[in-house]
Q: 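Got a structure for you, questions after.
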Amino acid sequence: MAGGAREVVTLQLGHFAGFVGAHWWNQQDAALVRPADGKEPPGELCPDVLYRTGRTVHGQDTYTPRLILMDLKGSLSSLKQEGGLYRDKQLDAAIAWQGKLTTHKEELCPKNPYLQTLGSAEGVLSSDGVWRVKSIPNGKEGSIRVWSDFLRVHLHPRSICMIQKYNHDGETGRLEAFGQGESILKEPGYLEELEDRLHFYVEECDYLQGFQILCDLHDGFSGVAAKTAELLQDEYSGRGVIAWGLLPAPYSLGEPQKNIYRLLNTAFGLVHLAAHSSLVCPLSLGGSLGLRPEPPVTFPHLHYDATLPFHCSAILATALDTITVPYRLRSSPVSMVHLADMLSFSGKKVVTAGATIPFPSGQSLPDTLVQLGGATPWIPLSACGDPSGACCFAQSVVLRGLDRACHTSQLTPGTPLPSPLHACATGEEVLAQYLQQQQPRALSSSHLLLTPCKVAPPYPHLFSSLSQQGLFLDGPPTRAAAESIPVFGALCSSSSLHQTLGGLARELTKLDLRRWASFMAAGVEQDDLEEMLQELYSLAQCYQDGSGLMD
């Protein structure tokens with residue numbers, strides 16, 4: 001491991017978190033591809049922040065995520081829990097016992113037939129002479145039920161931790177409630193397993209900057225995440241802990257128990273994660289965290305099916321790959337702790353996320369930003385409603401994938417300038433001045449990268465209809481699908497959270513919890529609920545307009 005990598009350990013908790021994580025690791029894996037001659041200079045992002053080097057028993061070098069993944073039995077499909085990366089098949093085949101032997105063999109689930117090539121070097125030879133993974137046929141994406149089917153990245157044998165007492169699928173044995181999730185890490189077996197894996201990854205780091213938690217908020221994994229964050233805070237004080245709380249969309253009023261549980265799990269998860277993390281950000285394509293369902297968000301240049309976790313998770317992974325850029329940079333990185341401190345002053349531990357996917361790239365950056373006018377330049381991705389008119393206290397913004405020639409004005413010298421943005425000498429100045437115009441009293445941090453976001457297969461076909469509109473960074477207009485795109489992403493401490501968190505608390509206050517005794521029976525006391533509601537109201541008060549504004 002190269003010195004000064006400022007390593008991060010990732011904890012991925014839950015099945016929808018697995019979908020988002022699989023897409024994210026696939027995107028990073030695609031970005032790691034280098035020419036065989038090794039002459040390409042190092043990229044802007046440092047992969048060693050999230051990845052670790054290793055070597056198999058046969059001396060082959062490996063590169064695997066520094067990842068601890070927890071999910072329920074039935075979620076691995078054809079993926080082996082221990083993987084096959086570091087196993088010696090010849091030694092496995094040699095049996096030392098000479099007496100009578102009975103062998104029991106359990107057949108793995110068959111791999112999804114449309115995803116057979118992901119675990120191998122097989123694929124399609126493209127026009128540029130590079131072997132690429134085959135795309136998933138249109139109409140077949142609904143057949144993807146588990147994240148392990150489309151994960152193309154090798155995992156370390158210490159990565160996967162299966163929770164055997166609950167089922168991933170089926171009507172019974174589900175991990176539904178916050179209290180159930182908390183109780184898992186109160187059991188010595190699971191707690192020791194998690195601690196052992198944490199120590200394995202942490203002890204080999206040169207400089208551990210912190211942990212990021214990708215977790216489901218809508219089910220019992222919110223409780224697992226809460227206990228995990230508490231453990232990290234106790235054992236690794238001073239390190240950054242950023243929690244990404246994931247919620248699939250959409251949901252239906254026709255499932256009252258599931259909907260009430262989602263509301264309770266989300267509220268408990270946000271409050272506990274805010275108490276034990278440096279920063280918490282809900283991520284969802286839904287329109288609301290509350291009981292009343294809102295239509296999922298729409299993107300002007302993107303077509304997706306909100307009922308497919310495969311589609312929703314890909315979009316969230318693309319946003320995640322962009323908004324985590326500040327602490328993954330190779331030069332002048334912003335540490336996780338510094339990023340969290342900038343965004344979470346005055347108790348504002350919860351932030352919102354937004355992204356423009358893809359960001360239009362057919363003209364200069366000043367022209368594009370001027371055309372946006374006073375509108376919010378990104379689509380909200382935290383189910384907190386329309387951010388228009390909300391006060392921004394602090395924001396971290398990343399724009400990536402624009403060609404350098406487009407960073408500044410391309411007007412002929414002597415032409416009247418349409419805006420002050422057209423007078424800026426660099427793209428960094430353009431972006432900084434734009435943010436200052438939009439939110440003059442907010443504390444803003446911005447990064448402009450040439451590196452685009454990879455969306456090569458098995459990423460779903462969400463952009464192919466736009467190939468004639470000049471939105472893609474690479475490839476001719478006739479290419480069937482994009483392989484990398486420009487993205488504009490942001491993390492914001494926003495006054496919109498005052499209404500969102502307060503509304504969540506008010507809805508829970510109106511509930512007759514005697515009707516949902518099963519949730520309480522899972523390990524949550526009435527006093528726990530009342531304390532959570534008080535903390536949720538207090539958290540909401542931090543985001544009143546005008547509170548904490550920078551002078």
Side-chain angles (χ1 to χ4, degrees), residues 247 249 266 270 274 279-302 319 322-323 342-357 359-360 366 368-399 419-421 430-446 487-507 536-551:
L247 296 130
T266 299
L270 286 175
L279 201 67
V280 184
C281 179
L283 288 172
S284 175
L285 298 183
S288 168
L289 293 178
L291 279 177
R292 183 178 298 277
E294 299 287 344
V297 298
T298 58
F299 293 79
H301 302 301
L302 185 155
T322 299
I323 58 182
M342 186 196 81
L343 292 170
S344 64
F345 62 91
S346 302
K348 299 178 180 66
K349 287 287 194 74
V350 184
V351 297
T352 63
T356 300
I357 306 172
F359 185 77
T368 303
L369 294 178
V370 166
Q371 287 179 9
L372 289 172
T376 303
W378 41 75
I379 304 299
L381 296 178
S382 291
C384 292
D386 185 358
S388 299
C391 173
C392 177
F393 307 121
Q395 58 187 347
S396 169
V397 176
V398 176
L399 176 57
S419 77
L421 298 181
V430 172
L431 187 55
Q433 184 160 330
Y434 173 74
L435 296 176
Q436 174 66 19
Q437 289 177 358
Q438 292 295 102
Q439 297 287 349
R441 301 186 67 188
L443 178 63
S444 297
S445 170
S446 59
V487 178
F488 197 17
L491 287 174
C492 300
S493 177
S494 168
S495 64
S496 63
L497 285 161
H498 175 65
Q499 176 62 35
T500 299
L501 298 176
L504 196 59
R506 286 189 292 273
E507 285 188 304
L536 193 57
Y537 275 122
S538 297
L539 198 57
Q541 292 306 309
C542 295
Y543 297 92
Q544 283 187 323
D545 287 356
S547 65
L549 283 176
M550 292 294 187
D551 293 326

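A quick note: this is a predicted structure, and the numbers were derived from the prediction, not measured. We use all heavy atoms of the structure for the numbers below, so side chains are in, but hydrogens, waters and symmetry mates are not.
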Q: Looking only at heavy atoms, which two atoms of Q433 and P420 are closest? And how far apart?
A: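 Heavy atoms of Q433 and P420 come nearest at NE2-CB, 3.0 Å.
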Q: Measure the spacing between SG of C391 and NE2 of H498 and express it to the nearest 0.5 Å.
A: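 That separation rounds to 12.0 Å.
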Q: Quick check on side-chain contact (heavy atoms from CB on, under 4.5 Å): which of I323, L279, V280 does V351 satisfy it with?
A: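 It is L279; the other options fail the test.
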Q: Hey, could you give me the OG/CG distance between S382 and L247, rounded to the nearest 0.5 Å?
A: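 Spacing of OG (S382) from CG (L247) equals 9.5 Å.
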Q: Can you measure from OG (S446) to CG (L431) and round to the nearest 0.5 angstrom?
A: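 S446 OG to L431 CG: 4.5 Å, rounded to 0.5 Å.
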Q: Please name the pair of heavy atoms, one in V370 and one in S419, separated by the smallest distance, quoted to 0.1 Å.
A: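 So the minimum-distance heavy-atom pair works out to CG2-OG, 3.3 Å.
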Q: What's the spacing between R441 CZ and C392 SG if we round to 0.5 Å?
A: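 It comes to 12.5 Å.
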Q: How long is the span from the CG atom in L497 to the CG atom in L504, to the nearest 0.5 Å?
A: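 Going from CG on L497 over to CG on L504, the span is 11.0 Å.
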Q: Atom SG in C492, atom CD in Q439: separation rounded to 0.5 Å?
A: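 Output value for this atom pair is 8.0 Å.
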Q: Ring-plane angle category for F488 and W378, please: parallel below 30°, perpendicular beyond 60°, tilted otherwise.
A: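 The rings of F488 and W378 stand perpendicular, inter-plane angle above 60°.
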Q: I'd like to know if the side chain of E507 and the backbone of L291 have a donor-acceptor N/O pair within less than 3.5 Å.
A: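 Yes; judged by distance alone, with no hydrogens or angles, the pair exists.
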Q: Which heavy-atom pair separates F393 from S495 by the least distance, and what is that distance?
A: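 Scanning both residues completely, I find the closest heavy atoms to be CE1-N, 3.8 Å.
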